[in-house]
Structures are given as structure tokens and as C-alpha cells.
There are 2 protein chains.
Amino acid sequence: MNSRAASPADQLDPAALLKLDNQLCFALYSTSLAMTKVYKPLLARLGLTYPQYLVMLVLWEQDGLTVSALGERLFLDSGTLTPLLKRLEAQGMLLRARSAEDERQVIVSLSETGRALREEALAVPQAVLCATACTIPELQTMTAELQLLRRKLGEALLKT
Amino acid sequence: MNSRAASPADQLDPAALLKLDNQLCFALYSTSLAMTKVYKPLLARLGLTYPQYLVMLVLWEQDGLTVSALGERLFLDSGTLTPLLKRLEAQGMLLRARSAEDERQVIVSLSETGRALREEALAVPQAVLCATACTIPELQTMTAELQLLRRKLGEALLKT
DNA sequence: TGCAATTAAATTGTGTGCAATGTAATGTTC
DNA sequence: GAACATTACATTGCACACAATTTAATTGCA
């Protein structure tokens, strides 16, 4: 028998670590999916999916970014962004144009429609805030914790 | 001018709420994707994707569940699970069989291979724990917070 | 200058998520 | 007990994610 006391809740026991409800990864994964479901009806009114909304959020902050700059901001690659941006372009939300200085780059810029959509989007965070049933400080704390975790995971990935 | 002081960090300002880095949803979404990337090489050795791993975690806890019971546990529907389970079955990890009592139900049970895979999987949480560079209590706290948020979002979804 | 190495997007292929629909089995009601 | 509703799963279609590869433009360097 171990010198350390064993218990069902013991988080260092490999078997306990394997339980679904003890795993941060699953809490993260399932909560992220739940969040997307909350956004879905709100964004449907704007004609956007959740990843498309993220792209618009970035462009509303800074217009005229390249695909790779968008990707760095969102942690997504061209394989995800290229078709997504094409759909947004087809909807008339933005324009994609090869850069004149560097023909390899594609500059993504908002259309008038896309820029105007920001006004409609201003109501979205409030509605989500309400759905979370959390206070602003609670949300800020959790956001900061997740950003820190994301950074640590990113660093771990580099070492791989 | 408002009676309340305005500042760039003001979280009640609709424009500030729309900033990408102020949004919990994006922290959640991007961190969940980063977590999946950390799992990827670890699970590749087991021949599993991350959602497939989640199914195996559930079955290692309780074998012989129906598709809908698996779905309730993982917050996924049959449109996601059916093809995923078929792939796991094709890999020889599990068996799918119509229930004798109720022919509408499909019982999912581990194969010997699938049950044996648990031994290999025991090392996975440790490796992820290491990648997070967090202490166990930190992870437990964040997991509990996320589970609470998931519950609140689930309740908000019912009201829709 | 010439050309290999690098870089930026796009493309391809696989595997989810999920809404909407289909199908077959089971319950329910009169 | 026959018609109808409900349930459980499967299927279809669309939109991500992302690894791997391709294509085209730029850079670096001998």
C-alpha cells in the first residue's frame, strides 16, 4: 500500500484523472460548444456563423488585414480561413484582394455592408452576457484564466 | 456626457464588449482548440481523435450504453455520434448492436481491444497536465467554473 | 543575375458538430 | 386493435478545423 492515502477523489491517481468529469479538457470542449449554441440564434439574425462573427470582430477592430494576420489573431490557419472568407465575400460582407506590394498576400477588407453590420452586432454581447448568468467580474476573471491557459498550451505546443 | 465615468477598459460599454480579447467566448473557443492540438499527438499513438477519445472515456467508465446515453454524457447528438461510432467500430474498438428489448436502441460496447486501450490511455492525462503548466487545484477550480458555466448556458438554451 | 529556399494562400482529404429530415420501432388513444 | 404520436437512430447537407500538399511570389545568397 502507498504511503499516501488513496481516495476516490484523489486527483493524482491515474484512474481518477481519466474520469470524464475530472477533465478540464472536456469541461472546456463541452462549454465551448454550449457557448456556440447560445450564439447561433443571435448570429443567425446577422447572417453569420460563430467563426464568421469572430472574423468580423477582428475586422471591426482593424480593417485591411492579410489572411495570415487574421489567422494569428484567431489562431486559425488558411485551410480554415480561406473558404470561410470566400463565403463572407459571397455574402457581400468583405472584399479579398491580392496585395500590390506582395502578390502572395491577400488583403481582407470590410465592405460598406460589413462595416454597417457592426451596429447590429453591438447587441450580441449583452444577450450572451445575460445567458451566462454571470457577473462582469466573474466573466473577466474566467476570460483571463483561459487566456493564460491558452498561452501555456501554446508554449507547450512549440516544445513538441 | 454620462454620469458614469467612461474608460477604454469599461466592460459595460457595448463597443468594449465587442472587442475580441474582452470576450469570454473567444477565450473559450481558442483555448479549447489549443487543448485539442495538445491532445492530438498523444492520441495519435492510440489511434484516436479527440472526440473519439471522449467516447472511450465514457465507455471505460460505463460500458454498454445506448447512443443517446453517450450523447447525453458528451452533449453530442446522433448526427455527430453515429459516424464517429462507426469509425471506432471499423477500427475494432467497439461493437454496435441493436437492443433486444427495444430495437430502436443501439447498444455500444467495448471490444477487448477497446478495453485494453485504457492502459495506454492512463498516461495521457499526466502528459496534458504537464502541458498546462498548472497545479492540480488550479485545474480543479477552472474545471468546476467551466462546468457551472456550461450548466448556466444549458439552462439559457432551454429558455430559447 | 540565377536559382534554391522561404513564404502566403489555396487546395485536398478526413473528421467532426449540428440542423433538418427520414425510417423503423414502440407507445398511446379511442 | 388500428390510427396516430413519439422515440431512437441514421442520413444528408453545410460549415468548420487542420494536416498535408500545391502553386505562386518573394527573398537570399553564391
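Everything numeric in this text was worked out from a predicted model, so none of it was measured. Here is how names work: the chains are called A, B, and so on, in the same order as the sequence lines, proteins then strands, and each is numbered from 1.
- With dA8(C), dT11(C), dT16(C) as the candidates, the nucleotide lying closest to the side chain of Gln105(A) is dA8(C).
- When the nucleotides dA17(D), dT6(C), dT26(C) are ranked by their closest atom to the side chain of Arg104(A), dT6(C) comes out on top.
- Between Leu70(A) atom CG and dA10(C) atom C1' there is a gap of 16 Å when expressed in whole angstrom units.
- One interatomic measurement links the two molecules: CG of Leu85(A) to C1' of dC16(D), which rounds to 12 Å at whole-angstrom precision.
- Listed candidates were dC18(D), dA25(D), dA9(C). Nearest to the side chain of Leu33(B) is dC18(D).
- The distance from atom CG of Leu76(A) to atom P of dA9(C) is 14 Å, rounded to the nearest whole Å.
- In terms of position along DNA chain C, the nucleotide closest to Gly79(A) lies nearer the 5' end than the nucleotide closest to the other residue of the pair Gly79(A) and Glu101(B).
- Taking the charged nitrogens against the carboxylate oxygens, Asp102(B) and Arg104(B) do have a contact shorter than 4.0 Å, which makes a salt bridge.
- Distance from the side chain of Asp77(B) is smallest to dC18(C) among dC18(C), dT6(C), dT26(C).
- Here the side chain of Glu103(B) is nearest to one of dG15(C), dT26(C), dT26(D), namely dT26(C).
- Taking atom CG of residue Leu43(B) and atom C1' of nucleotide dG15(C), one finds them 14 Å apart after rounding to whole Å.
- When heavy atoms are screened at a 4.0 angstrom cut-off, Thr66(B) is found touching the sugar-phosphate backbone but no base atom.
- Inter-residue side-chain proximity for Lys40(B) and Thr49(B) is flagged as unmet; no heavy-atom pair is nearer than 4.5 Å.
- Minimum atom distance to the side chain of Thr82(B) is reached by dA10(D), of the listed dA10(C), dC18(D), dA10(D).
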Task: Chi angles and distances behind the salt bridge (charged side-chain N to carboxylate O under 4.0 Å, His left out) call for Glu89(A), Arg96(A) - done: CA-CA 7 Å; Glu89(A) 187 179 35; Arg96(A) 299 182 318 128; 3.0 Å; yes

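- Each of dA10(D), dC16(D), dA9(C) was ranked by its minimum atom distance to the side chain of Arg98(B); first place goes to dA10(D).
- Taking only side-chain nitrogens and oxygens, Lys86(A) comes nearer than 4.0 Å to OP1 or OP2 of dT11(C).
- Atom CZ in Arg96(B) sits about 17 Å away from atom P in dA8(D), given to the nearest Å.
- Contact annotation for Thr49(A): backbone-only contact, meaning every heavy-atom pair under 4.0 Å involves sugar-phosphate atoms and none involves a base.
- Protein atom NZ of Lys37(B) is 7 Å distant from nucleotide atom P of dA19(D), rounded to whole Å.
- Ser68(A) comes within contact range of the sugar-phosphate backbone alone, with a heavy-atom separation under 4.0 Å but no base atom that close.
- Residue Lys40(B) has no polar side-chain atom (N or O) positioned under 4.0 Å from OP1 or OP2 of dT16(C).
- Remark: Lys152(B) NZ is packed, more than 12 non-hydrogen atoms of other residues, nucleotides or ligands lying under 6.0 Å away.
- Side chain of Leu84(A), nearest nucleotide from dA9(C), dC18(C), dC16(D): dC16(D).
- Each of dA19(C), dA25(D), dC16(D) was ranked by its minimum atom distance to the side chain of Pro51(A); first place goes to dC16(D).
- Inter-residue side-chain proximity for Gln62(B) and Leu65(B) is flagged as met; some heavy-atom pair is nearer than 4.5 Å.
- Nearest to the side chain of Ser78(A), among dC9(D), dA10(C), dC16(D), sits dA10(C).
- Look at CG on Leu65(B): it is 14 Å from P on dA8(D), rounded to the nearest Å.
- The interatomic distance linking Asp102(A) (CG) with dA9(C) (P) rounds to 8 Å, in whole Å.
- Side-chain contact check for Tyr50(B) versus Leu43(B): some heavy-atom pair is nearer than 4.5 Å.
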